[in-house]
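Here's the structure, in structure tokens; my notes come after.
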There are 2 protein chains.
Amino acid sequence: MNIGEVAKKSGLPAKTIRYYEDIGLITPLRDTNGYRSFRESDMHKLAFLGRSRALGFTIEDCRNLLALWDDQDRASADVRAIAKEHLEQIERKIADLQAIRDTLSHLVQTCAGDGRPDCPILAKLEKFPT
Amino acid sequence: MNIGEVAKKSGLPAKTIRYYEDIGLITPLRDTNGYRSFRESDMHKLAFLGRSRALGFTIEDCRNLLALWDDQDRASADVRAIAKEHLEQIERKIADLQAIRDTLSHLVQTCAGDGRPDCPILAKLEKFPT
DNA sequence: ATAGGGCTTCCAGTAGCTGGAGGGTCAAGG
DNA sequence: CCTTGACCCTCCAGCTACTGGAAGCCCTAT
């Protein structure tokens with residue numbers, strides 16, 4: 001399979017696939033003409049990567065998950081630890097964003113949003129104790 | 001005021017303050033020895049920037065907010081538009097993260113997390129239709 | 001032969017800093 | 001007067017995870 005086909009099947013841009021090769025996540029073969037030649041197993045890995053990335057795992061997490069995936073003798077605890085740590089990060093991020101959202105939505109609501117210069121948003125940014 | 005003092009007062013690292021000067025957000029004076037010399041107005045702007053950034057506004061948003069802040073004749077509608085757009089982005093991001101969190105927390109719950117290789121997390125990453 | 005599409009590499013840029021090298025400046029203590 | 005240590009300076013590189021573009025080869029169809 002050439003990169004175009006793999007890109008279509010996996011949903012990942014060709015650029016991204018080349019990048020994943022660059023950083024050693026996959027190692028497709030090469031045809032005599034220099035074109036990358038993807039096996040089913042490469043395709044499989046790319047799909048795995050696409051899903052992991054869609055769940056917000058970092059590339060390094062993905063690298064580790066991929067290694068665990070390849071290892072038939074892995075302990076599920078290792079996988080779970082990565083996922084749990086990631087989950088906690090996500091939860092922290094959600095909490096942060098919710099706090100921001102609350103502040104911001106309050107500000108947007110109290111701002112007249114008309115032609116006058118008077119603006120509680122700027123007032124808050126000016127004075128709000130961080 | 002030297003950069004160290006400003007850093008302490010504003011809570012921003014000196015590196016960041018220099019960076020903000022680099023990209024034209026502030027323009028402190030210079031002493032004869034080459035040291036940056038910050039006025040109260042610079043300090044004030046940095047505090048404004050710190051708060052805007054803490055609310056997740058991009059640097060470009062900050063630049064625009066700062067310009068509006070400086071402009072006594074601004075229309076509050078302009079400020080509100082920036083904040084509202086940002087708020088909507090935040091809300092989208094929260095929704096995305098919540099979806100991820102739900103998937104992930106379900107996976108973490110169903111994974112035994114013991115020494116056995118059997119792992120629903122990897123199974124999901126392998127098969128889940130993106 | 002030529003046109004098009006697909007493939008290759010390599011370089012640069014994105015956002016918002018952050019770390020470090022290499023060096024000048026200043027105030028206090030010996 | 002000299003040294004020490006805490007400042008300050010500039011410039012360059014690196015971080016994440018790609019993305020865009022230039023320059024050029026390959027393959028198929030007409």
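Below, read A as the first sequence line, B as the second, and so on, with proteins coming before strands; counting in each chain starts at 1. The basis for the numbers below is simple: all heavy atoms, side chains too, and nothing from hydrogens, waters or symmetry mates.
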**Salt bridge A:Lys45-A:Asp42, side-chain N to carboxylate O under 4.0 Å** = no
**Request:** Examine D:dT16: is either OP1 or OP2 under 4.0 Å from a nitrogen or oxygen in the side chain of A:Thr58? Give yes or no.
**Result:** no
**Prompt:** Can you check the B:Ile17 CD1 to C:dG19 C1' distance for me, whole Å?
**Reply:** 17 Å
**Item:** Whole-Å gap separating C1' (C:dG24) and CG (B:Asn2)
**Value:** 14 Å
**Request:** Using whole Å, report how far OH of B:Tyr19 lies from P of D:dC12.
**Result:** 17 Å
**Message:** Quick check on C:dC26: is either OP1 or OP2 less than 4.0 Å from any side-chain nitrogen or oxygen of B:Asn33?
**Reply:** yes
**Prompt:** Has A:Arg36 got a side-chain N or O lying under 4.0 Å from the OP1 or OP2 atom of C:dG6?
**Reply:** no
**Prompt:** What nucleic acid atoms does A:Arg53 come within less than 4.0 Å of, heavy atoms only: base, sugar-phosphate, or nothing?
**Reply:** sugar-phosphate
**Asked** Does the distance from a Lys or Arg side-chain N to an Asp or Glu carboxylate O, for A:Glu5 and A:Lys8, drop under 4.0 Å?
**Response** no
**Message:** Measuring only between side-chain heavy atoms, which start at C-beta, is B:Arg39 closer than 4.5 Å to B:Met1?
**Reply:** no
**Fill in**
Rounded to whole Å, CD1 of B:Ile59 lies from P of C:dT14 at a distance of 14 Å
**Request:** Salt-bridge test for A:Asp118 and A:Arg116: reply yes if a basic N is under 4.0 Å from a carboxylate O, no otherwise.
**Result:** no
**Prompt:** Of the nucleotides D:dA17, D:dC7, C:dC7, which has the atom closest to the A:Ile3 side chain?
**Reply:** C:dC7
**Message:** On the nucleotide C:dT9, are OP1 or OP2 found under 4.0 Å from the side-chain N or O atoms that A:Arg30 carries?
**Reply:** yes
**Prompt:** Whole Å only: how far is the CE atom of A:Met1 from the P atom of C:dC7?
**Reply:** 12 Å
**Request:** Using a heavy-atom cut-off of under 4.0 Å over every strand shown, decide if B:Tyr20 touches base, sugar-phosphate, or nothing.
**Result:** sugar-phosphate
**Item:** First of B:Phe38 and A:Phe57 reached from the 5' end of DNA chain D, by closest nucleotide
**Value:** B:Phe38
**Complete:** Rounded to whole Å, CD of B:Glu21 lies from P of D:dC11 at a distance of 12 Å
**Prompt:** Can you check whether B:Thr16 has a side-chain N or O nearer than 4.0 Å to OP1 or OP2 of C:dG16?
**Reply:** no
**Message:** Once you apply a heavy-atom cut-off of 4.0 Å, does B:Ile23 come out as touching a base, just sugar-phosphate, or nothing?
**Reply:** nothing
**Message:** How many whole angstroms separate atom OH of B:Tyr35 from atom P of C:dG23?
**Reply:** 16 Å
**Request:** Using only heavy-atom distances, decide whether a donor-acceptor pair under 3.5 angstrom links the side-chain of B:Lys15 to the base of C:dG20.
**Result:** yes
**Chi angles and distances behind the salt bridge (charged side-chain N to carboxylate O under 4.0 Å, His left out) call for A:Glu21, A:Arg18** = CA-CA 5 Å; A:Glu21 184 188 6; A:Arg18 288 193 197 101; over 6 Å; no
**Prompt:** Can you check the B:Asp22 CG to C:dA15 C1' distance for me, whole Å?
**Reply:** 14 Å
**Prompt:** For B:Ala14 and A:Thr32, take the nucleotide of DNA chain D holding the closest heavy atom to each; which residue's nucleotide lies nearer the 5' end?
**Reply:** B:Ala14
